[in-house]
Amino acid sequence: GLPAPSLTMSNPMPRPSTPLDSISTPSKPLNKHLGPLEESVLLSPVPELRDSSKLHDSPYVEDCTFQQLGTFIQALRDPVHNRVTLELSNNTMVRISIPEIATSELVKRCLQGVKAILPKETAVQMLVKWYNAYNAPGGPSYHSEWNLFVTCLMNMMGYNTERLCWTRNLDFEGSLSPVIAPKKARPSETGSDEDWEYLLSSDYHRNFESHPVAKALRLDPLEVSASRDDFSQSLSLDSSTLLFSHIPAIFFVLHLIYEELKLNSLMGEGLRSLVVLLVQLARDLKLEAYMDYYYRDYPALVKTSRQTCIIDQVQTGFMLHPSFFSAEPPSIFQWLSSCLKGEGVQPYPYLPGICERSKLVVLSVALYILGDESAVLNEASHYLYKITSGKDALTPSWECSFKSSTSVSSLAEKLVLWMTSVGFTLRDLESLPFGVALPIRDAIYQCREKPASDWPEAVCLLIGRQDLSKQAWEGSLQKGKSSVGTVLSSDIPSAAESEEDEDGMNDMNEEVMSLIWSEDLRVQEVRRLLQSARPVRVNVVQMPEASDHEYIEEKENRLLQLCQRTMALPVGRGMFTLFSYHPVPTEQLPIPKLNLTGRAPPRNTTVDLNSGNIDVPPNMACWASFHNGVAAGLKIAPASQIDSAWIVYNKPKIAELANEYAGFLMALGLNGHLTKLATLNIHDYLTKGHEMTSIGLLLGVSAAKLGTMDMAITRLLSIHIPALLPPTSTELDVPHNVQVAAVVGIGLVYQGTAHRHTAEVLLAEIGRPPGPEMEYCTDRESYSLASGLALGMVCLGHGSNLIGMSDLNVPEQLYQYMVGGHRRFQAGMHREKHKSPSYQIKEGDTINVDVTCPGATLALAMIYLKTNNRSIADWLKAPDTMYLLDFVKPEFLLLRTLARCLILWDDILPNSKWVNSNVPQIIRENIISLHATELPSSEDLSLETLAQAHVYIIAGACLSLGFRFAGSENLAAFQCLYKYATDFLKCLSAPTASITGHYNLETCLSVLLLALAMVMAGSGNLKVLQLCRFMHKKTGGEMNYGFHLAHHMALGLLFLGGGRYSLSTSNSSIAALLCALYPHFPVHSTDNRYHLQALRHLYVLAAEPRLLTPVDVDTNTPCYALIEVTYKGTQWYGEATEELMAPTLLPELHLLKQIRVKGPRYWELLIDLSKGTTHLQSILSKGGILYVKLRAGQLSYKEDPMGWRSLLAQTVTHRNSEARAFKPEAISAFTSDPALFSFADYFCKPTMDMGQKQEILDLFSSILYECVTQENPEMLPTYIAIDQAVRRLERREMSETFELWQMKLVLEFFSSRSHQERMSRNPTRGLFMNSEFLPVMKCTIDNTLDQWLQAGGDVSLHSYLSGQAPEESQLSMLACFLIYHSVPTPGQLAAGGLEGSRNFSELLLKLRRLHVPVRALLRLAPLLLGNPQAMVL
């Protein structure tokens, strides 16, 4: 810390002029600038506390007087920004804030630069002096900070600032610090002439004179009479001061900072201040080249300051001329200009950390114009060399290495990605001068057309593709926090729908659905068909002979029939509303009620089943309410925020609703939320012993843990499966349906793992014999099927590679279960369980095929799924003789055919020829067709058997077609299936229907409908919808609960998730669909004999989001866009491309190569899937939102379907003379940028008395038109800046020549070779493309300068070239001429040896070395050859 003065100072560093008479607060630790802290213990500039009246008011001075002897600072602690706590030796603490070292950007830059090149000790002393001056009590205000800095710096260099004219007049705004100047005597109140002269020679006045406003107001310049003493004595420098020997180095660094500030158009004021100092130093150091350079930059400044300070020869010897000092002034604009012209360039000097913009500009031009890709890699030393304070001035080390992680093809893309990686943003680009920014803008414009979809957000922002940057931003959000939900969800149900009208379908996203199905009301129709919350209409006509009582019974019987349909609706509704709702965590999930009452016209009387007039099956609605609960729960999107408490909070208070809650739990498992439910609550629900809750919970938990082999869940399931319990365990009384659910749950949890023990147990369970005491005697079929399905899931798709299971003989055992035969000896631990036979069922030791066949068949299908294993497939062939056909239930033929086709996956073809090839020879020969009118009679054939076998085999083949093309919307498959579906419909009404049996035909028709719906899943196809609606209306006769269930599942699949979801054909999905669409349907609503109804909901595991919805990034609404989908080539078809109008369902992603948003209306956008589908998958899972951006002049497809109203269509000829007829109002069609609207409003709208302004208005209108139609509105400021610059030149008001430099750079960029090559490759894209703007501007500049030359400019040019002072009035135009024509300085001309030149050709040769362009030479030649009239053009 800092010792008190009573102790010795233990610091070796000399401290000139630092008061030590009392302790003082330390200055800001300058470690940021100075390196380690030890060196930065500077004593404070603030004088002793006694004098400081401010501090006496503060309370802590009394507590800790610093004056006590022995009190010193022990430590510094808790630094925050510029505040720090002092720990004093008497255990008190003081918090102090240390003033900044500088606040103005300019002073900070200069301090940093000077510090960077001075030796360390000198630098520290310099900073101490500056800090003392700057933070003197009552320190200066912001504006005078620069003046204070200049004075301080010049003093340290040895100038006498009091005697130097311009520094004497610098204004400190009354706060002249005692350190710098003694207080001036106060002049009299009345004032004097000196005041006026002081004002005239002040900085302020000079700045004002050169200000454009002064010109605009036509103010005459006031000349101040030169005061006598200014030139009388020349001033000399004091060479003993601190920085005297470093003047050249400091000068050079300040010059580099001056060049750096030129690259920031916001630092203009700072430049003007800095150049005054530089001119003074350059003049004193006798640097002619620099003097000339500053004169060309600021012609107006040269005439103001003329006072020189003599530095005599002896003193010059003391000065250190650093190695990096160059006689020619480094100029960033000159460097760029040489690059553009293709001349050789020297490395550009730069100060690391200070001249970062110069570095950036140099490297980007090297990369983009010179095409040197290594420029932005590590070894860029040949474009830049670093300047450091030490001897090693030329050590090219390079920090920023750039590795491209993303896809890059062209230089433009490299440049844009590199600029983003070094942190360059649009705001930086806007502050670059327009000529320097042009190459970068050009690169951005080139990139905008075809960017890669995997570029980071920052790059997309820089190139102005908001659609991509928003996409990238959405992608970087965590899942679930996505704002997509807000774009595409209509959370608020419309007010029109009253409370009782809650049918569970209000939360669908109408906006997107109305885009997908815009031309009809099919969505409303589906809602009408699937709603189960309103009473049904019971239409029964009363016959004359029927009594009233009989009539009532008839009505109730009719209602009972209709209720079979109502109870089947919720499963379909769950499919339709899948994942469409984000619940509010504070409210219960609304579950629509299942309404089983009816209304009878004409009086609308209520018909009820509970009147006791007819027998109603007990528990009839029990499963229906379970499905209703599932449907409500499946509305919840997987991305919703849900926790355990909310799930428990939804538990109903009334016992009747327990079934719905059970379904709700299952649904939460299917959408993945059940994993959040605490184990304690799961245990709680299971111990209640409510059968439905257990089923829903077990299936839900297993689905949520699909394929994880989770041990906790395995334990949970094993308790409910006797076969998985140890043989000695207590017999638990587990309801049969719960056992079935648990077995399927095991299949789900172990899906695809081929876990040996599980497989062994499940294999045995398929053929589990009935036990004693009525055990396992009822509904055995569903248990056996569940075991088969579970076994299939465990070994899913493993085929013959079942490692470690060869001794189980899985396929042989399954084959035996399928065709029957003697029961094998039961191996394993469950022997004793099967010792005593059942008292009810006599089965003997043969296998009961009726029980085991379905499970075994489907298990084989799943184990050998897609393996194309012929030998297994041949086992499943339909029998080819009448004798064998009689042995197989026709229903099982459907399963066998399905299983065989799933194994021979690649052989499935979408045509009727292939479907019929599955039918055995004997059937094909004897059955004429599906819809024959009379039957052939035959003795030795059972026609009934043949007919039934025929329809079931066809149905099985068609179902496999549905699996193969699930979710593909394959046209051939659709037409083939549709043909068979209509055939079956005709069959039903044909006279031959009785032979096949109505029930069988209905089953096959339902299977075909499901197959059709699988192929067209999510597409809402109209023909299938009409079929479903036709089936919906059939309620009498053979139509039972199961068929309704199938038809409405088909309807739900068709509109899966409101058109947002489709089915996948992965192995896992096929397994789930086999469980859900098992082709044996329940006869009544409580029937679980052959298949557990809860499994119907497993289709969720096969659904995947595939809807791509374009969203306009400006309006944030969904819209239409044309996309082009490219398929990868396969063995069936080559690479193919198809155009779709999005929003549309995409095909399965693994089939695709790339997706492109096509022009011309929207900006193109390519998603390349050859690198992997994760990017697209994340887009689809977040609602499928693809942001698109309308191109200029285009309207969306909704407003303008045919493209006839777009602005470009109206002005077909691009370069028409109608540009001035472009109405500013029309701009809204082009762009959504508010800035452009305002520009059109204020600058392009004609007013009443136009006069002069008309021309400017036309110009602005055409500029606006050009910018917007060329889709580079960001060029508007550039156009206007160019126009303003040229006008200023025409009026001869250029007091600074920056704008002319920029014009020169712009023109050179367009004539540069790299630009020409780019244009030849891609002639339609580029800035200023088909515009006459630039040539006109160039012409105007040329004319203005030539007119000046003829009107007497040649005289001043001649005097300039011969080294005399030209007249003052011509100075600024002369500077413009010199810069625009790149005229060398007189010094360079003299060195070039032009004296003896006789003719033009000699001049040409000599000036070639000075890089003087020919057009300039034509104008200079007359003067140089001494023949002024010779060649003026």
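In this chain, numbering begins with 1 at the start of the sequence shown. Every heavy atom of this structure was used, including side-chain atoms; hydrogens, water molecules and symmetry mates were not. Owing to the predicted nature of the structure, the values given are computational and were not obtained by experimental measurement.
- Pro439 approaches Ile369 most closely through the heavy-atom pair CB-CD1, 4.2 Å.
- Judged by the 6.0 Å and 45° rule, Arg272 forms no cation-pi pair with Tyr298.
- Formation of a donor-acceptor pair under 3.5 Å by the Glu1124 side chain with backbone atoms of Lys1158 is not found in this model.
- Across all their heavy atoms, Met1303 and Ile1341 have their closest contact at CE-CD1, 3.6 Å.
- The minimum heavy-atom distance between Ile463 and Trp455, with the atom names listed, is CD1-CZ3, 4.0 Å.
- Side-chain contact check for Arg465 versus Leu1165: some heavy-atom pair is nearer than 4.5 Å.
- Using a 4.5 Å cut-off on side-chain heavy atoms (C-beta onward), Trp1163 and Val1188 make no contact.
- Considering only heavy atoms from C-beta on, Leu432 comes within 4.5 Å of Val361 through its side chain.
- With respect to Tyr1187, the side chain to side chain donor-acceptor pair (under 3.5 Å) criterion is satisfied by exactly one of Glu474, Gln471, Gln466: Glu474.
- For the residue pair Trp1301 and Gln334, the shortest heavy atom distance occurs at CH2-OE1, 3.3 Å.
- Among all heavy-atom pairs drawn from Phe1310 and Gln1316, the shortest one is O-NE2, 2.7 Å.
- At most 12 heavy atoms of other shown residues, nucleotides or ligands fall within 6.0 angstrom of atom CZ in Phe1243.
- Using a cut-off of 4.0 Å between Lys/Arg side-chain N and Asp/Glu carboxylate O, Arg427 and Glu430 are scored as not salt-bridged.
- Of the candidates Lys359, Lys414, Met419, Ser364 forms a side chain to side chain contact (heavy atoms under 4.5 Å, CB included) with just one, namely Met419.
- With 3.5 Å as the limit, one finds a donor-acceptor pair spanning the side chains of Glu260 and Ser358.
- Between Leu411 and Leu415 there is no side-chain heavy-atom pair separated by less than 4.5 Å.
- In this structure, Asp1258 contributes its side chain and Glu1255 its backbone to no donor-acceptor pair below 3.5 Å.
- Under the 4.5 Å side-chain criterion, counting only non-hydrogen atoms from C-beta, Gln446 is in contact with Tyr368.
- In this pair, Phe1333 and Tyr1279 present their aromatic rings tilted. The plane angle is within the 30 to 60° band.
- At a threshold of 4.0 Å, the pair Arg1191-Glu449 counts as salt-bridged, since one of the basic side-chain nitrogens sits closer than that to a carboxylate oxygen.
- At a threshold of 4.5 Å between non-hydrogen side-chain atoms, the residues Glu105 and Asn264 do not count as touching.
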